[in-house]
Amino acid sequence: KAYKGKINIDGSSSVYPLTEAVAEEFRKQHADIRISVGISGTGGGFKKFLRGETDISNASRPISPEELKISRTNGIEFIEIPVCYDGMAIVVSPKNTFVDYITVAELKRMWSPQSQGKINSWKQVRDSWPDVPLNLYGAGTSSGTYDYFTEAINGKAKASRGDYTASEDDNVLVQGVSSDIGGLGYFGLAYFTENKAKLKLVPVKYSTESEAVFPNDSTVQHGKYQPLSRPEFIYVNLKSAKKTYVQEFIKFYLEHASSLAQEVGYVPLPQAVYRLSHLRFTRGSTGSVFENKSIVGANLLQLLSKQE
Amino acid sequence: MNRKHLISPKSQDKLFKIFAALCTGLVLLTLLVLLIDIGIKGIQRINWSFFTNLPSRHPEESGIYTALAGMVGLLFFTVIIALPIGILSGIYLQEYGKRNKLAKFIEINISNLAGVPSVIYGILGLQLFVRTAGFGNSILSGALTLALLIMPVIIVSTREAIKAVPDSLREASFGLGATKWQTVRRVVLPASFGGILTGIILSTSRAIGETAPLIVVGALAYVPFVPEGPMDQYTSLPIQIFNWTSRPQQGFVVNAAAGIIVLLLFTFILNGTAIYLRNRWYKKTAI
Amino acid sequence: MVQKDSYITEGSPYGIYKLRVEGLNLYYGTKQALKDISIKIAPNTVTAFIGPSGCGKSTFLRCFNRMNDLIENVTITGSVMVDDIDIYKNMIDVYQYRKKIGMVFQKPNPFPKSIFENVAFGLRINGESSKSVLQGIVESALRQAALWEEVKDNLNKSALTLSGGQQQRLCIARAIAVKPSVLLMDEPASSLDPISTAKIEELIYQLKDQFTIVIVTHNMQQAARVSDKTAFFYLGELIEFDKTDKIFTNPSKEATQNYITGRFG
Amino acid sequence: MVQKDSYITEGSPYGIYKLRVEGLNLYYGTKQALKDISIKIAPNTVTAFIGPSGCGKSTFLRCFNRMNDLIENVTITGSVMVDDIDIYKNMIDVYQYRKKIGMVFQKPNPFPKSIFENVAFGLRINGESSKSVLQGIVESALRQAALWEEVKDNLNKSALTLSGGQQQRLCIARAIAVKPSVLLMDEPASSLDPISTAKIEELIYQLKDQFTIVIVTHNMQQAARVSDKTAFFYLGELIEFDKTDKIFTNPSKEATQNYITGRFG
Amino acid sequence: MNRIRIRSEKVIEWIMILCSLVSVLTTIGIILVLSVDAFKFFKEVPFVDFLTDTQWTPLFEDKHFGIMPLLSGTLLTTTIAILLAVPVGITIAVFLNEYASKKFTSVVKPLLEVLAAVPTVVYGFFALQFVTPLLQKVIPGLAGFNALSPGIVMGIMIIPYITSLSEDALRAVPKSLREAAYGLGANRFQTAFKVIVPAANSGIVVSVILAISRALGETMIVAIAAGQQPRLTFNPLESVETITTYIVQVSMGDVPQDSLEYRTIFAAGITLFAFTFLLNNISFWMRKKYQHRYE
Amino acid sequence: MTHLQSELKLLKTDIIEMWELVIEQLDKSLISLKTFDKDLTREVVSNEKRVNAYELKIDRDCENIFALFNPVAVDLRMVLATLKINSNLERIGDIAEGISKLITSEKEPFDQVLLECTRFQLMFEAAILIVNDALTAFDKEDTKLARTIFKKDELLDEINADAHQFITIYIKDHLDKTEQALNVLSIIRRLERVGDQGKNIAEEIIFYLEAKVLKHK
Amino acid sequence: MTHLQSELKLLKTDIIEMWELVIEQLDKSLISLKTFDKDLTREVVSNEKRVNAYELKIDRDCENIFALFNPVAVDLRMVLATLKINSNLERIGDIAEGISKLITSEKEPFDQVLLECTRFQLMFEAAILIVNDALTAFDKEDTKLARTIFKKDELLDEINADAHQFITIYIKDHLDKTEQALNVLSIIRRLERVGDQGKNIAEEIIFYLEAKVLKHK
Ligand SMILES: Nc1ncnc2c1ncn2[C@@H]1O[C@H](COP(=O)(O)OP(=O)(O)OP(=O)(O)O)[C@@H](O)[C@H]1O
Ligand SMILES: Nc1ncnc2c1ncn2[C@@H]1O[C@H](COP(=O)(O)OP(=O)(O)OP(=O)(O)O)[C@@H](O)[C@H]1O
Ligand SMILES: [Mg+2]
Ligand SMILES: [Mg+2]
Ligand SMILES: O=P([O-])([O-])[O-]
């Protein structure tokens with residue numbers, strides 16, 4: 001079978017469902033364009049992307065300064081496109097009756113590297129909680145989720161205690177938390193949505209004073225669920241972006257991202273962001289808007305338009 | 001002096017029999033539970049479209065077409081690569097270098113390789129084929145990795161099969177003036193063909209089920225097309241299953257179960273063929 | 001290409017002896033298995049080698065078709081002459097040479113092929129592929145081996161379906177098919193029942209018109225029944241070699257007598 | 001607990017016959033392997049079973065210690081009486097019973113244990129563990145089996161290091177050690193060389209003072225040499241049973257004569 | 001023509017030697033690939049720390065490179081599997097060989113081999129979703145991820161290996177030994193355990209060793225069901241991480257190549273390799289030593 | 001036919017040849033007795049060597065058959081019988097030679113009266129018949145015929161017993177012919193012994209074919 | 001000692017017993033000849049049955065040994081020799097019986113002159129000696145002794161040859177004793193045949209021990 005074109009996509013496992021859904025829909029109209037979507041994590045994806053092996057890289061965090069450096073030495077230019085939001089759900093077992101909400105500070109107490117081997121009981125986190133052993137479950141260290149969570153809670157990417165159950169496979173975490181009365185875990189909201197019955201969602205207070213917020217479409221999209229909602233991206237190689245079928249694909253992506261994101265359990269970006277992104281794409285605006293900026297709590301519309 | 005046994009031999013015998021039957025029963029029960037568990041979960045999804053559909057985000061629409069194609073392609077190349085090398089080295093070790101140092105050294109190597117965990121092969125494949133040779137995440141990388149993985153199995157079973165050919169046949173052949181290679185090709189190989197074939201099939205069925213090394217070489221991907229050459233990307237059934245099981249939607253668990261049924265069928269058919277051939281050939285060439 | 005050296009089946013035009021061994025010594029590593037053996041065997045006779053286990057009968061037999069070449073660490077001195085040609089000294093092609101010397105082993109060892117292919121094997125490896133030529137030779141070999149009548153309707157059946165005794169005759173047919181002039185047999189009937197054994201013995205008795213036969217046997221009665229001359233080996237030495245009836249009625253050596261009358265050990 | 005049933009070694013106080021078989025039929029599945037066999041064997045005699053391959057000798061022999069029980073699908077009718085007790089009909093403990101019937105097989109089959117442990121095996125499984133008792137019995141069994149002198153200094157060496165003939169004598173010692181009254185031997189020398197065979201035959205000749213011996217053999221000469229009476233089987237039937245010298249000089253049945261003179265088939 | 005034939009014989013032999021060398025190259029390849037990066041790893045991390053540190057957190061802020069937690073996880077799951085599989089596997093082998101009817105054996109043995117043919121991913125989820133909840137009903141304090149459940153399932157998975165190989169070894173014991181034992185009045189149990197099993201013990205030991213090395217190298221079951229938390233513990237009720245799990249975990253993620261974190265998988269891999277290498281050599285040596293016993 | 005069988009057949013052929021030779025010797029002796037033909041007697045004497053050679057050969061062959069073929073049952077009895085028949089025949093050969101020698105040593109032809117009164121010729125012919133019948137019985141494996149020999153032998157015994165008396169009387173009448181008479185007596189005794197040998201042979205034939213031992217019964 | 005060897009030993013014991021019996025028969029015949037003791041002759045006649053029984057038994061045993069043990073080489077020759085010696089001994093036994101019968105049938109004691117002129121006693125003793133020597137040679141496996149028998153037999157032949165003449169002369173002188181003379185002649189002939197049998201036995205012993213066939217040489 002002769003294809004008109006091939007698009008190689010690789011990278012984040014979080015973005016994967018969305019890209020996959022888009023690719024699937026796109027294929028229905030353009031069966032003659034061959035798209036493959038790999039999963040090698042955000043970092044793994046960038047590595048290939050920056051070697052020029054892939055056309056598009058999925059990323060659940062913005063490109064890092066080190067990666068930018070490589071892109072420059074390799075002469076790879078890219079266009080950054082945010083595609084959706086992902087809220088991170090904090091979950092406990094349904095058997096856990098004592099947790100009503102949790103503050104960011106408490107999360108930090110639980111997860112900071114300093115707590116390693118020391119904070120082993122719920123009581124140590126909040127006095128009113130019982131002396132139940134605290135078992136933590138979280139994303140694998142090579143995922144964008146992990147990077148984002150550590151940055152959002154502990155203030156520094158990849159800074160986390162190591163003595164918890166880390167899995168790249170979120171179902172494993174679902175299973176773990178659901179059966180563990182002392183368990184607490186975090187992972188993408190999509191996984192919670194699919195496993196509501198097995199898990200108990202915990203609202204997060206940004207500070208002791210603010211109100212406890214449950215993650216959902218509106219709280220995430222409107223930046224109320226802070227700091228645990230993050231944008232997700234795709235990066236398009238500039239050379240590839242010049243090919244018409246890639247342009248076709250990106251156009252399709254941005255047109256359908258909103259509905260498909262919802263379908264796969266993510267939160268769509270505001271429509272304006274999609275439009276803006278498409279504009280930036282057609283113009284070929286390269287580079288990252290997050291260079292030297294923290295992503296936590298960032299307002300995409302502002303950032304993107306500022307660049308303009 | 002009539003020291004009695006602690007438990008009389010007769011009851012010893014009975015007790016053991018009960019215990020052993022229990023063990024056997026439990027293990028078989030486990031198998032049954034496993035199969036039923038999977039069967040119940042997956043059978044609803046087994047239909048024609050499951051085999052012809054491309055992967056999809058909708059579990060009901062998602063099929064194993066590409067995974068199956070990828071698996072067949074992968075196995076094809078694996079076997080193409082591993083077979084001649086495996087069989088030839090099996091022959092060499094058993095027929096030629098029986099006593100020389102090189103053969104001894106190779107033999108130790110092979111017996112070691114047979115026990116090396118498959119992840120380690122994954123690492124080897126990743127470094128050697130994916131990265132150093134630059135084959136990337138292609139069928140070739142996967143096939144080479146799997147080929148190395150099953151080669152020891154092929155070599156060992158080839159040797160076993162050849163070893164089962166009595167020396168008397170070789171002597172008969174030499175006695176008739178045949179050269180070494182003539183003896184190997186016309187007498188030893190035909191006589192051990194059944195055994196070799198069985199070994200190949202069993203090793204292939206092992207290759208089918210391997211997941212870990214493929215994950216390590218990076219085969220986890222959405223590949224909605226049938227690979228057309230060794231350098232194409234691919235996905236394979238166990239990878240697809242693994243992929244599905246890590247999806248949040250329940251529907252994919254059903255898909256995974258259905259995929260497992262297919263995978264099991266594949267392995268059973270291969271194993272069954274191997275058992276059948278083994279019996280048939282034993283009957284025919286029992287010497 | 002079928003061997004057409006017709007001389008080999010028609011007795012030796014060379015000296016009066018078909019096989020001549022002079023001062024043969026054979027070592028496995030440093031262990032001497034044969035000690036200074038000399039023997040002369042006339043064409044168209046049956047010679048039996050007898051002696052206790054491990055005395056070197058098989059080893060000696062295998063010198064005649066250089067089967068010992070296949071074992072490492074074997075050293076041979078002295079000469080083994082077949083048709084007055086020293087098979088160890090001269091630059092002979094051992095594979096070609098082996099075709100002139102048929103060998104039959106202790107256990108029937110038919111190839112797991114059809115009866116026909118078994119007998120045709122020796123010709124095929126020599127490049128003969130004409131069906132009609134093969135058929136002719138296979139038939140005549142099977143006839144000579146007194147097996148034709150029993151198998152002629154089943155030539156394509158697997159040789160393994162034959163009984164032990166039939167298999168052994170098939171092996172003889174297979175050896176005969178390449179038209180050797182010498183037939184070596186290493187305990188050819190020791191794994192067979194008395195009836196099959198008797199058939200093999202009859203066959204040997206009939207084949208000696210065309211071949212020079214050397215047979216190793218543990219069964220003294222068998223040596224007595226089938227052979228013209230008998231050689232008694234002991235501890236790697238050839239103790240006595242004489243007409244079979246002489247050996248069995250009046251051996252010259254004490255050791256031979258002790259062995260055949262069962263007074264040994 | 002050593003069997004002390006002294007009667008079993010001292011001849012039978014029961015009827016004049018040690019073994020009595022009446023109207024025995026044996027089927028493997030639907031195939032009849034033994035047809036209406038009746039035979040009476042006196043104590044302290046050596047009885048040889050001869051006959052062509054597959055005629056049922058081994059099958060019949062194994063009826064005496066119910067070894068055929070181990071094979072599936074075997075049907076037996078008729079009676080086999082040992083010391084006038086029907087071993088199939090009565091509710092006897094087959095394992096206990098087998099201790100009274102020693103068996104020696106075609107191929108020497110020592111356990112991969114020391115020589116001592118091989119001989120002591122039968123006693124050990126019976127619960128005997130006193131070293132001194134074991135030692136006494138092992139020594140006397142080995143002496144009876146004419147092996148003691150050869151192994152007394154190496155009782156702890158693996159039995160597998162012995163030669164074939166020695167292994168077979170060890171197996172006899174092992175069988176003797178549990179003090180059976182009957183010894184069954186299925187071609188006990190067929191895998192041995194003539195010298196070892198002669199030793200085993202001598203041994204049988206000596207053991208008959210203490211045991212009732214039944215031996216299956218392919219080797220008619222052997223039957224002739226060792227046995228007092230010979231039974232000739234053919235196609236599952238007992239054709240003739242008579243004194244050995246009678247069988248070999250003047251058999252009453254044509255079939256027997258044809259078999260022993262080699263005019264068969 | 002002879003010259004040609006002899007030459008082509010030589011050519012064929014050389015081709016075969018080359019083929020055989022592939023396996024040598026594979027071994028060398030494995031050792032090189034593992035040790036080059038492991039070597040670099042040990043340039044940065046003292047070997048003593050590697051052996052003595054009780055924490056393994058190379059991917060975290062507070063980096064520790066003690067292999068002990070991974071090793072303890074590996075050994076723990078392996079031990080559980082072996083404790084289950086060896087007695088049960090051998091018992092079944094003896095049962096099939098000595099007690100069961102031929103028909104029964106001919107049905108059960110292939111069924112058992114089916115167990116070995118089930119892809120390990122399947123077992124992983126079986127352990128996580130079926131066995132763990134089941135066990136939690138019996139053992140109240142059992143964590144969702146624990147060493148026990150995958151250990152058991154792994155044990156079940158390797159039972160067929162032990163049974164199959166042991167059964168082969170038992171079957172290779174000549175029938176004549178069995179008959180000899182029965183002839184001496186031994187019952188089935190005595191025959192089986194006093195004669196047949198001792199006679200086949202080298203084969204059985206080899207099967208056990210191979211099973212151990214299989215358990216050590218098993219990846220997917222533990223990756224899925226044991227949790228992925230390196231913890232120095234021998235408590236089977238807690239979650240652990242094995243070496244293989246760690247390798248898969250890292251390779252599924254995005255650890256940058258040529259980083260210290262990346263090299264940890266080689267350090268871990270070479271440790272695993274060393275273990276299985278040792279076991280393989282033991283079994284190889286045993287097989288060589290005893291294989292000609294009954295031939 | 002097995003190798004042993006063909007050896008046995010050869011053996012049989014040999015002994016039959018010897019047998020015929022022996023009968024010929026007897027025939028010739030008888031003729032020379034009647035015709036006093038000394039050439040014929042010399043022929044008999046010289047032919048005796050051939051008989052002896054046969055005996056040695058057959059002995060040797062029997063020994064070889066024992067050593068090489070281990071005959072049993074009927075085969076064994078055949079060889080044993082042959083072995084014995086062989087020495088019986090040899091002895092008959094000896095007797096023929098002895099008779100011929102006696103005839104040779106005689107200076108004048110035999111006294112017709114002497115011959116007639118002793119029923120000499122009848123006896124001689126009967127003896128030859130016995131050997132002949134034995135041969136037929138052996139060749140045709142006919143034990144019935146063999147059994148008739150015992151009867152025939154009785155005739156010889158009777159003649160022999162009578163002859164003694166006749167000779168005593170005859171000597172008293174013909175003192176000059178004492179020597180001849182003694183010779184005739186000697187010949188008669190020998191013929192009686194031919195009958196005995198024939199009887200032995202018949203016994204052996206019956207032993208061979210029926211495994212019955214009649215000797216001394 | 002192998003089973004065959006013990007069987008051979010038994011065989012040897014048996015034939016030696018028979019041998020001794022035969023010698024006893026001869027001895028008794030000689031004594032009765034000298035003493036004209038008819039009781040003794042009757043004893044000899046009745047003992048002949050025992051000799052015959054021995055013959056049958058040994059024949060039977062040889063047959064069994066052939067059938068069951070397949071003797072070869074020296075063992076085979078031993079059995080073959082025994083077989084022949086057996087029939088030779090039986091014939092000697094017959095002769096002893098015959099002599100005794102003759103003595104019994106004699107109405108009056110033998111004429112001393114007749115006995116002396118024929119060197120009768122010497123001959124008888126020589127015959128017994130031959131049988132005795134043969135026994136010793138057989139028992140002790142002494143072929144040298146066996147060879148001396150040929151010489152001794154010549155003496156018997158010589159006496160026999162002479163006896164014929166003496167008897168012819170004697171008859172002419174003592175016509176009334178013709179019958180007795182004929183009987184003595186008959187006994188002498190028989191003794192001569194004992195010598196022959198002894199010679200045969202010696203030949204068999206040498207054949208057995210040295211595998212040399214001396215017969216007809
Ligand atoms: N390949 C070998 N390497 C070393 N020694 C050997 C080899 N083959 C045979 N021998 C030794 O050489 C001697 C003679 O062996 P050979 O097989 O010729 O004896 P044999 O007379 O045929 O015995 P058997 O009757 O048991 O077949 C024996 O001592 C044997 O151990
Ligand atoms: N387990 C079995 N199942 C079915 N048939 C059998 C079995 N064992 C033996 N037979 C058959 O029973 C018959 C008698 O066998 P058996 O082994 O008793 O013969 P045999 O006289 O001992 O022969 P051989 O001399 O070859 O040992 C044969 O036809 C054989 O094929
Ligand atoms: Mg040999
Ligand atoms: Mg049998
Ligand atoms: O796969 P990640 O999106 O978690 O990098």
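Per chain, numbering begins at 1; letters A, B, ... match sequence-line order.
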Of all of [options], which one pairs up most often with chain B through heavy atoms under 4.5 Å apart?
options                       : value
E/K109, E/E98, E/E218, E/R188 : E/R188
E/C19, E/S283, E/A100         : E/C19
E/L18, E/I159, E/L216, E/V122 : E/V122

Going by heavy atoms in the side chains, are [X] and [Y] under 4.5 Å from each other?
X      : Y      : answer
E/L112 : B/L28  : yes
B/S89  : E/V22  : no
E/F273 : B/N112 : no
B/L88  : E/I12  : no
E/S23  : B/I106 : yes
B/Q127 : E/D37  : yes

Rounded to the nearest 0.5 Å, how far apart are [atom1] of [X] and [atom2] of [Y]?
X      : Y      : atom1 : atom2 : answer
E/L84  : B/C23  : CG    : SG    : 8.5 Å
B/T30  : E/F126 : OG1   : CZ    : 6.0 Å
B/L113 : E/N280 : CG    : CG    : 9.0 Å
E/F95  : B/K17  : CZ    : NZ    : 6.5 Å
B/E95  : E/M16  : CD    : CE    : 8.5 Å
E/S20  : B/I110 : OG    : CD1   : 6.5 Å

Taking side chain as everything from C-beta outward and backbone as N, CA, C, O, which of these in [X] sits under 4.5 Å from a heavy atom of chain E? Side chain, backbone, both or neither.
X      : answer
B/L148 : side chain
B/N271 : side chain
B/L34  : both
B/I85  : both
B/L35  : neither
B/A21  : both
B/I38  : side chain

Part of [X] within contact of chain B (heavy atom distance under 4.5 Å):
X      : answer
E/T219 : side chain
E/I30  : both
E/V24  : both
E/L111 : both
E/I15  : side chain
E/L34  : side chain
E/F277 : both
E/F275 : neither
E/I17  : both

Please report the closest heavy-atom contact between E/V248 and B/A212, naming both atoms and the distance.
->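 Taking every non-hydrogen atom into account, CG2-CB, 4.5 Å.
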
Provide the closest heavy-atom pair for B/G115 versus E/S213 in the form atom of the first, atom of the second, distance.
->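 Closest approach of B/G115 to E/S213: O-OG, 3.7 Å.
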
Among the options [options], pick out the one with the most heavy-atom pairs lying under 4.5 Å from chain E.
options                     : value
B/I123, B/L264, B/V116      : B/I123
B/L26, B/I260, B/T267       : B/I260
B/L15, B/V33, B/T132, B/I87 : B/V33

Could you please spell out the steps behind the side-chain contact (heavy atoms from CB on, under 4.5 Å) verdict for B/N109 and E/T26?
-> CA-CA 9 Å; B/N109 267 301; E/T26 309; over 6 Å; no

Do the rings of B/F16 and E/F193 sit parallel, tilted or perpendicular, given the 30° and 60° boundaries?
->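 Judged by the thresholds at 30° and 60°, the geometry between B/F16 and E/F193 is perpendicular.
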
If you draw a 6.0 Å radius around NZ in B/K180, do more than 12 non-hydrogen atoms from other residues or ligands fall strictly inside?
->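 Check passes, neighbour count above 12.
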
Does a sphere of radius 6.0 Å around CZ in B/F266 hold more than 12 heavy atoms from other residues, nucleotides or ligands, not counting ones at 6.0 Å or beyond?
->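 Count not over threshold, so no.
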
Please assess E/V33 against B/I120 for the test side-chain contact (heavy atoms from CB on, under 4.5 Å), listing each intermediate value before the final yes or no.
-> CA-CA 10 Å; E/V33 162; B/I120 304 266; over 6 Å; no

